[in-house]
There are 2 protein chains.
Amino acid sequence: MQAAVVELLADHQLEEVTIPRVAERAGVHQATLYRRWGNIAGLVDDIVAERLGELAPIPDTGTLRGDLELAAVRFAEAIAPLGAIMIRAAALAAPDADSAVSFKTRATQLQAMLDRAAARGEKTPTLTELLESITAPLYFQELFFGRPADAEHARELVDRLLIYVEASR
Amino acid sequence: MQAAVVELLADHQLEEVTIPRVAERAGVHQATLYRRWGNIAGLVDDIVAERLGELAPIPDTGTLRGDLELAAVRFAEAIAPLGAIMIRAAALAAPDADSAVSFKTRATQLQAMLDRAAARGEKTPTLTELLESITAPLYFQELFFGRPADAEHARELVDRLLIYVEASR
DNA sequence: AGACAAACGCGAAGATAATTGCTTTAAAGC
DNA sequence: GCTTTAAAGCAATTATCTTCGCGTTTGTCT
């Protein structure tokens, strides 16, 4: 299932990736996909969540900078191969229940990461600051400029966030 | 045309806003819309660009902070009434030619704004830093949390950017 | 093994969207 | 005022998605 969607996204426009096509490629019946996910957005969103869970687990390196960088780089690498298209598809599904849950879960884990840093006595950003300073720009660049998320950019963003945190607290 | 789309977006899901429906509401023939825009995404993207041009002209207040705040607040106010839905629709159309042009135009104007500040001798962020620190978070919050862009939040982001710029240059 | 529940396969029917050739209206230039 | 050109209306055709009832498989529990 995962494979079929990723392959289709690789050489088709997002609008061309439909339930019937995914079903054909995956060798399952369309009705199965419609029953399980309802629409393409739900399916793709599920896959993004799955990928992030596998490829971008929340790190625990012992320092805030280490955690942030690893989290950011992993995140960038997990979404990069799929390009802007997958992010757009995931964004489409955003406000409904399921994807909200997967997002919330991830947010909770990131919060725990920040809490660990705070417990060590480090100056830490808020979760919102983290999401807005790192996740948001990575998504944004993909979405509007087609710039794939890469490790170097991710590190740059972490740096920017930490400079701000140091300066303002 | 504008009106028909905005009205439909007001009380329908994005997927329910289709060319045939917009055409009916606007009292024009669907073929007209298909010929001019090809699909819904192109149409919506056009409308977003038009709105931004009208409602969020690039300011020239005399100070960087003033410019940034006004630009951010206007931007937030221009997109807020449309909610996440319109951003998603615009994002869908992102990488193709037309929307790239409108985006580029806007980016050029913002760059000019930054240049003016630099000419006055102010410490200025890069265009990328501006987009990533202000535009990206506003989009992100709308997209994933349904939090409408509001003036206060916009100002907070400007503040964050300027603290960073002061601290790092 | 047998019984049950849950998920999947199948194909057809129904609904909607997208395209097309042609006609008609409107506008612009001369 | 007339000609030319571009855009909009129109309706039929085509393509595509989406849903549905029903039978079959698969896995689990006893």
Side-chain angles (χ1 to χ4, degrees), chain A residues 1-51 53-54 82 85-99 101-102, chain B residues 1-50 53 82 85-99 101-102:
Chain A
M1 203 72 273
Q2 263 243 21
V5 172
V6 172
E7 285 164 24
L8 279 175
L9 284 173
D11 46 31
H12 291 80
Q13 296 287 79
L14 174 57
E15 309 85 47
E16 292 166 7
V17 180
T18 63
I19 295 267
R21 269 188 260 258
V22 171
E24 189 193 10
R25 181 135 201 163
V28 299
H29 200 270
Q30 342 175 352
T32 302
L33 304 188
Y34 277 115
R35 276 192 278 253
R36 195 194 269 286
W37 287 286
N39 56 41
I40 252 295
L43 201 178
V44 173
D45 179 72
D46 237 41
I47 291 175
V48 170
E50 195 181 326
R51 274 184 85 88
E54 282 175 21
L82 305 176
I85 270 176
M86 193 154 226
I87 294 189
R88 272 187 279 150
L92 269 183
D96 67 350
D98 288 350
S99 83
V101 168
S102 75
Chain B
M1 204 72 272
Q2 263 242 23
V5 171
V6 172
E7 285 164 24
L8 280 174
L9 283 172
D11 46 31
H12 292 80
Q13 295 286 82
L14 176 57
E15 309 86 46
E16 292 168 6
V17 180
T18 63
I19 295 267
R21 268 189 261 258
V22 172
E24 189 192 12
R25 180 136 202 163
V28 300
H29 202 270
Q30 22 169 38
T32 302
L33 303 189
Y34 277 116
R35 276 192 273 255
R36 196 192 264 290
W37 287 287
N39 55 43
I40 243 320
L43 203 178
V44 173
D45 179 74
D46 238 40
I47 291 175
V48 169
E50 196 180 326
L82 305 175
I85 272 178
M86 193 153 225
I87 294 188
R88 271 186 280 151
L92 270 182
D96 67 350
D98 288 350
S99 83
V101 168
S102 74

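First the proteins, then the strands, lettered A, B, ... as listed; each starts at 1.
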Euclidean distance, A:T32 OG1 relative to A:I19 CD1, rounded to 0.5 Å:
10.5 Å
Set of side chain to side chain contact (heavy atoms under 4.5 Å, CB included) partners for B:A31, sequence neighbours left out
B:H29, B:R35
Between the protein and nucleotides 24-27 of chain D, which nitrogen or oxygen pairs come in under 3.5 angstrom?
none

Give, for atom CD1 of A:I47 and atom CZ of A:R51, the distance between the pair rounded to the nearest 0.5 Å.
9.0 Å
Taking all heavy atoms of A:I40 and all of A:V17, pick out the closest pair and write down the distance.
CG1-O, 3.4 Å
Length of the line joining A:E24:CD and C:dG9:P, which is rounded to integer Å
14 Å
To the nearest 0.5 Å, what is the distance between CE on B:M1 and CG on B:L33?
5.0 Å
Name the atoms and distances for all side-chain donor-acceptor pairs under 3.5 Å in residues 20-28 of chain A, with sequence neighbours left out.
| unit_1 | atom_1 | unit_2 | atom_2 | d |
| --- | --- | --- | --- | --- |
| A:R21 | NE | A:E16 | O | 2.6 |
| A:R25 | NE | A:E7 | OE1 | 2.9 |
| A:R25 | NH2 | A:E7 | OE1 | 3.1 |

Which letters describe nucleotides 6-22 of chain D, given B = protein heavy atom under 4.0 Å from base, S = only from sugar-phosphate, - = neither?
--SBBB-----SBBBB-
For the helix from C:dA1-D:dT30 to C:dC30-D:dG1, what is the angle between the axes at its two ends, each from 5 pairs, rounded to 10°?
40°
